[in-house]
Chemist: 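This is the structure, below, for whatever I ask next.
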Amino acid sequence: MSKQNPFDQKKKAILEEINSLEPDLSPKGTIDQLCLPIMHLINSHKDMVTTSSCSGRISVFVEGEKLINREEAKSGGKGLGGRWLFVTHEQDKVLNWLDKISDTEQIQFLPADDTTNEFDNSVRYVLYKYEPFILHVKCRDFQMASKLLNVAMSCGFRESGIGSNNIVAIRINIKLDVPIGFINTKNNNTLTFFVSKQYINNILNKLTLSKFIENKKKMNELYATIDKEIISSLNVQSESKETKEERRERKRREGLERQRQLRNKMSDKNA
């Protein structure tokens, strides 16, 4: 029995994991439903397999603390104490995120004319983020990776690129990243917004909904282009490619047709 190609082994293992009912290693634990159509399309190609995905999401995130020289704390990313206050991949859950936070957090809004707050290292910012669709695809070789990258770039996914092991990261710049408040560790960790509730409802939420709509539109465009330029074109090439037996049969038929035409010419001359 011949040994299976390493890429084929990897693809088989990934597809088994995708089709499994067990939770995956992502924080959510499951694949986003919006990603499934394009994942199935890509995975139908023998030279590609999806490795990770996110259909797009909003999140409200409290920065963690980063230690400098083991003494001074500085506000940063996912360092010590960083946590999500709210996360959703679903467009219809955008508008009520503030109410959900209010159920679990102590919150307040700063008056518009408040200038008393000093932002030192005890302050950790609260960030409101929209992060768009992202998909990682492992390809059999660089040629396939390049073809997929060119298709993605043509659809506007200009943040895309090819990494190690011919993995294509398909990304687009439909982002939103806005600081909306802070938590002061010296003040009972109260969640304080320095934007108004009206600003959140009328600006952030509307912007986010438009991002979800644009993101889905670009996903659909990417699906259609991959189907046309890679999947369907491969099927056409496969159908048009002759086997030795088919070529032999075609040559036989062409030979018989030439003989028939020659006989007809001879008959016309003798008539």
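Bear in mind that the values here come from a model prediction, so they are computed numbers and not experimental data. In this chain, residues are counted from 1 in sequence order.
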Chemist: Measure the spacing between CZ of F157 and CG of L148 and express it to the nearest 0.5 Å.
Modeler: 11.0 Å
Chemist: Under a 4.0 Å threshold between the charged nitrogen and the carboxylate oxygen, would E105 count as salt-bridged to R83?
Modeler: yes
Chemist: Using side chain to side chain contact (heavy atoms under 4.5 Å, CB included), reason through M48 and I230 one step at a time and then give a plain yes or no.
Modeler: CA-CA 11 Å; M48 299 188 293; I230 298 180; 4.1 Å; yes
Chemist: Side-chain heavy atoms nearer than 4.5 Å, only ILVMFWY residues, links allowed to pass through others: does that put I134 and V87 together?
Modeler: no
Chemist: Using side chain to side chain donor-acceptor pair (under 3.5 Å) as the criterion, list what pairs up with S55, not counting sequence neighbours.
Modeler: D32
Chemist: To the nearest 0.5 Å, how far apart are CD1 in I42 and CG in L135?
Modeler: 5.0 Å
Chemist: Counting C-beta onward and ignoring hydrogens, is there a side-chain heavy-atom pair between I213 and Q91 closer than 4.5 Å?
Modeler: yes
Chemist: Looking at every non-hydrogen atom in both residues, tell me the closest pair between K93 and F86 and how far apart they are.
Modeler: O-CZ, 3.8 Å
Chemist: Side chains of N173 and R158: does their closest heavy-atom pair fall under 4.5 Å?
Modeler: no
Chemist: Looking at K211 and E214, is any side-chain nitrogen of the basic one under 4.0 Å from a carboxylate oxygen of the acidic one?
Modeler: no
Chemist: Taking all atoms of both residues into account, what is the closest heavy-atom pair of V195 and F109, and its distance?
Modeler: O-CD2, 3.2 Å
Chemist: Of the options V178, I107, V62, which is the one that meets V126 in a side chain to side chain contact (heavy atoms under 4.5 Å, CB included)?
Modeler: V62
Chemist: Taking all atoms of both residues into account, what is the closest heavy-atom pair of I172 and P132, and its distance?
Modeler: O-CG, 3.1 Å
Chemist: Applying side-chain contact (heavy atoms from CB on, under 4.5 Å), name anything that partners K11, two or more places apart in sequence or on another chain.
Modeler: F7, L15, V49
Chemist: Donor-acceptor pair, D227 side chain versus Y223 backbone, under 3.5 Å?
Modeler: no
Chemist: Nearest heavy-atom pair of E221 and S154: which atoms, and what distance?
Modeler: OE2-O, 4.5 Å
Chemist: To check you understand the geometry: which heavy-atom pair defines the closest contact between F194 and G181, and what is its length?
Modeler: CZ-N, 3.5 Å
Chemist: Testing the basics here: between M39 and S53, what is the closest heavy-atom pair and its distance to 0.1 Å?
Modeler: SD-OG, 3.6 Å
Chemist: Are F212 and L98 grouped together when hydrophobic residues (ILVMFWY) are joined by side-chain heavy atoms under 4.5 angstrom apart?
Modeler: yes
Chemist: How many angstroms lie between atom OG1 of T192 and atom CD of Q108, to the nearest 0.5 angstrom?
Modeler: 3.5 Å
Chemist: Under 3.5 Å, is there a donor-acceptor pair between the side chain of K138 and the main chain of N165?
Modeler: yes
Chemist: Quick one: pull up CG in N96 and CG in N201 and give me the separation to the nearest 0.5 Å.
Modeler: 10.5 Å
Chemist: Only one of F61, F193, W97 forms a ring pair (Phe, Tyr, Trp, His ring centres under 6.0 Å) with Y128, so which one is it?
Modeler: W97
Chemist: Checking K46 against D8 for the salt bridge (Lys or Arg N to Asp or Glu O under 4.0 Å) test, could you report, in this order, the C-alpha distance in whole Å, the side-chain angles of both residues, the deciding distance, and whether it holds?
Modeler: CA-CA 8 Å; K46 65 182 180 65; D8 295 324; over 6 Å; no
Chemist: Strictly distance-based, threshold 3.5 Å: is any side-chain N or O of D47 a donor or acceptor partner for the main-chain N or O of D141?
Modeler: no
Chemist: If Ile, Leu, Val, Met, Phe, Trp and Tyr residues are connected whenever their side-chain heavy atoms lie under 4.5 Å apart, and connections chain through other members, are V137 and I167 in the same group?
Modeler: no
Chemist: Rounded at 0.5 Å granularity, tell me how far SG in C54 sits from NE2 in H89.
Modeler: 3.5 Å
Chemist: With clusters defined by side-chain heavy atoms of hydrophobic residues (ILVMFWY) lying less than 4.5 Å apart, directly or transitively, does I200 cluster with I101?
Modeler: yes
Chemist: Are the side chains of T50 and I38 in touch, meaning some heavy atoms are under 4.5 Å apart?
Modeler: no
Chemist: Around K218, counting heavy atoms of other residues, nucleotides and ligands shown, do more than 12 lie under 6.0 Å from its NZ?
Modeler: yes
Chemist: Are side-chain heavy atoms of N166 and R140 found at a separation under 4.5 Å?
Modeler: no
Chemist: If you round to the nearest 0.5 Å, how far is CD of E90 from CD of Q33?
Modeler: 9.5 Å
